[in-house]
Amino acid sequence: MDPTQELAAFLRTQRERLDPNDVGLPTRRQFRRTPGLRREEVAELAGVSVDYIVRLEQARGLRPSADVVEALARALRLTPDERTYLFDLAQQRPRNAGKPATTAAPALARLVADLSPLPAMLTNHRYDILAWNSEMARLLWDFGTLLPAQRNAMWLCLVHPEIRKYYVDRERVVREGVAHLRAAWAAHPEDQALTDLITECATRNEDFARVWAEREVKVNGRGQKVMRHPGAGVITVHFEVLTPLQDADQRLMICRAVDEESKSALDRLCAR
């Protein structure tokens, strides 16, 4: 398929399925020869000219900007999947839709528990910890003993008096975390809680402020962490971070031991 032709057809289809009442427009008395909204009504809702809508629907070579695509998605009341499809057809990367996840999706919370005996936890894009299993609680910390506002992996690594001692290579862990938060901040400029977290960390922690000023950007989906557990000694784990299609703001982190010594230490922890 030609993306330009498909973009035109998709816009026409979505316009024709809407009723003026669906978008808060007054029902006009004149007869409508075709179903759905008129082009001038879509233009009014999207803040563009009628001629622009005509040229888009006639596949006359236009490539709308991300702002125009966003306006069209709102005007046509597109679902999140339809919105992403429209951005793809226009060859524009979609901005994040919806509010950040603040609670674990029930199906993902069950999955975290079912991943036992592998340590696993669920976070959102700003490292808020949403769910964890008992193995993760034994490996790192029982997050249930913390206030909800303190359940943030970056904040704990920087500020918590015990957890900040866990990581053998703490400088690398902090650097990777800051690089991730910078990428998340650019992708979620509307997330005031993320901005507040970054401001607090930069104000309260010299390490964070120093690394943040270097402007490194990286999303680290896999790697290794070496932890010095007070009850089990040094444990090295490989971690993998997965993003569910249905809940794109939630990240599932799964850990496993990288060697027999670490596996034995994990087994001892989980047997307690």
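Quantities reported herein were computed from a predicted structural model and do not represent experimental measurements.
Separation of atoms CG (Leu194) and CE (Met154) is listed at 12.0 Å; rounding is to 0.5 Å.
We find that Arg17 and Glu82 are joined by a salt bridge, their nearest charged nitrogen and carboxylate oxygen being less than 4.0 Å apart. Electrostatic pairing of Glu41 and Arg15 does not count as a salt bridge here, judged by no charged N lying under 4.0 Å from a carboxylate O. Comment: Asp259 does not engage Lys263 in a salt bridge, judged by the lack of any side-chain N to carboxylate O separation of less than 4.0 angstrom. A salt bridge does not link Arg256 to Glu240: none of the charged nitrogens lies less than 4.0 Å from a carboxylate oxygen. A salt bridge is absent between Arg110 and Asp114: the closest approach of a Lys/Arg side-chain nitrogen to an acidic carboxylate oxygen does not fall below 4.0 angstrom. Taking the charged nitrogens against the carboxylate oxygens, Asp169 and Lys225 have no contact shorter than 4.0 Å, which rules out a salt bridge. Between Glu16 and Arg12 there is no salt bridge, since no side-chain nitrogen of the basic residue lies less than 4.0 Å from a carboxylate oxygen of the acidic one. Salt bridge status for Arg151 with Asp128: absent, with no side-chain N to carboxylate O gap under 4.0 Å.
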Verdict with supporting geometry, Glu6 and Tyr85, side-chain hydrogen bond (donor to acceptor under 3.5 Å, both in side chains):
CA-CA 11 Å; Glu6 176 60 19; Tyr85 184 62; 3.0 Å; yes

Salt bridge (Lys or Arg N to Asp or Glu O under 4.0 Å) between Arg175 and Glu216: does it pass, once the steps are laid out?
CA-CA 8 Å; Arg175 186 171 293 278; Glu216 184 177 349; 3.6 Å; yes

Go through Arg210 and Glu206 one step at a time and tell me if the salt bridge (Lys or Arg N to Asp or Glu O under 4.0 Å) criterion holds.
CA-CA 6 Å; Arg210 169 177 53 82; Glu206 294 181 359; over 6 Å; no

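When the side chains of ILVMFWY residues are joined at heavy-atom separations under 4.5 Å, either directly or via intervening members, Trp132 and Leu146 end up in a single hydrophobic cluster. No chain of hydrophobic side-chain contacts below 4.5 Å, direct or via other Ile, Leu, Val, Met, Phe, Trp or Tyr residues, connects Tyr127 to Leu252. Residues Leu115 and Val258 do not share a hydrophobic cluster, defined by chaining ILVMFWY side chains whose heavy atoms lie under 4.5 Å apart. By the criterion of side-chain heavy atoms lying less than 4.5 angstrom apart, applied directly or through intervening Ile, Leu, Val, Met, Phe, Trp or Tyr residues, Ile163 is grouped together with Met136 in one hydrophobic cluster. Hydrophobic clustering (side-chain heavy atoms under 4.5 Å, transitive across Ile, Leu, Val, Met, Phe, Trp, Tyr) keeps Leu130 apart from Leu181.
When each of Leu269, Val112, Leu139 is checked for a side-chain contact (heavy atoms from CB on, under 4.5 Å) with Pro119, only Leu139 meets the rule. Among the candidates Trp141, Tyr167, Phe143, the single residue satisfying the ring-ring contact (aromatic ring centres under 6.0 Å, His included) test with His160 is Trp141.
Taking every heavy atom of both residues into account, Arg39 and Val54 meet most closely at CD-CG2, 3.7 Å. Here the closest heavy-atom approach between residue Ala183 and residue Val219 is recorded as CB-CG2, 3.8 Å. Smallest separation of non-hydrogen atoms from Ala232 and Arg268: O-NH2, 3.7 Å.
Contact annotation: the side chain of Val241 never approaches that of Ile254 to less than 4.5 Å [non-hydrogen atoms, C-beta and beyond]. Using a 4.5 Å cut-off on side-chain heavy atoms (C-beta onward), Val234 and Met227 make no contact.
A tilted orientation is assigned to the rings of Tyr166 and His229, their planes being inclined by 30° to 60°.
Between the Arg182 side chain and the Trp212 main chain, a donor and an acceptor come within less than 3.5 Å of each other. Gln250 contributes a side-chain N or O that, together with a main-chain N or O of Ala105, makes up a donor-acceptor pair within less than 3.5 Å. The main-chain N or O of Leu118 is found under 3.5 Å from a side-chain atom of Asn133 such that the two form a donor-acceptor pair.
For Trp185, the CH2 atom is loosely surrounded, since the number of other residues' heavy atoms within 6.0 Å does not exceed 12.
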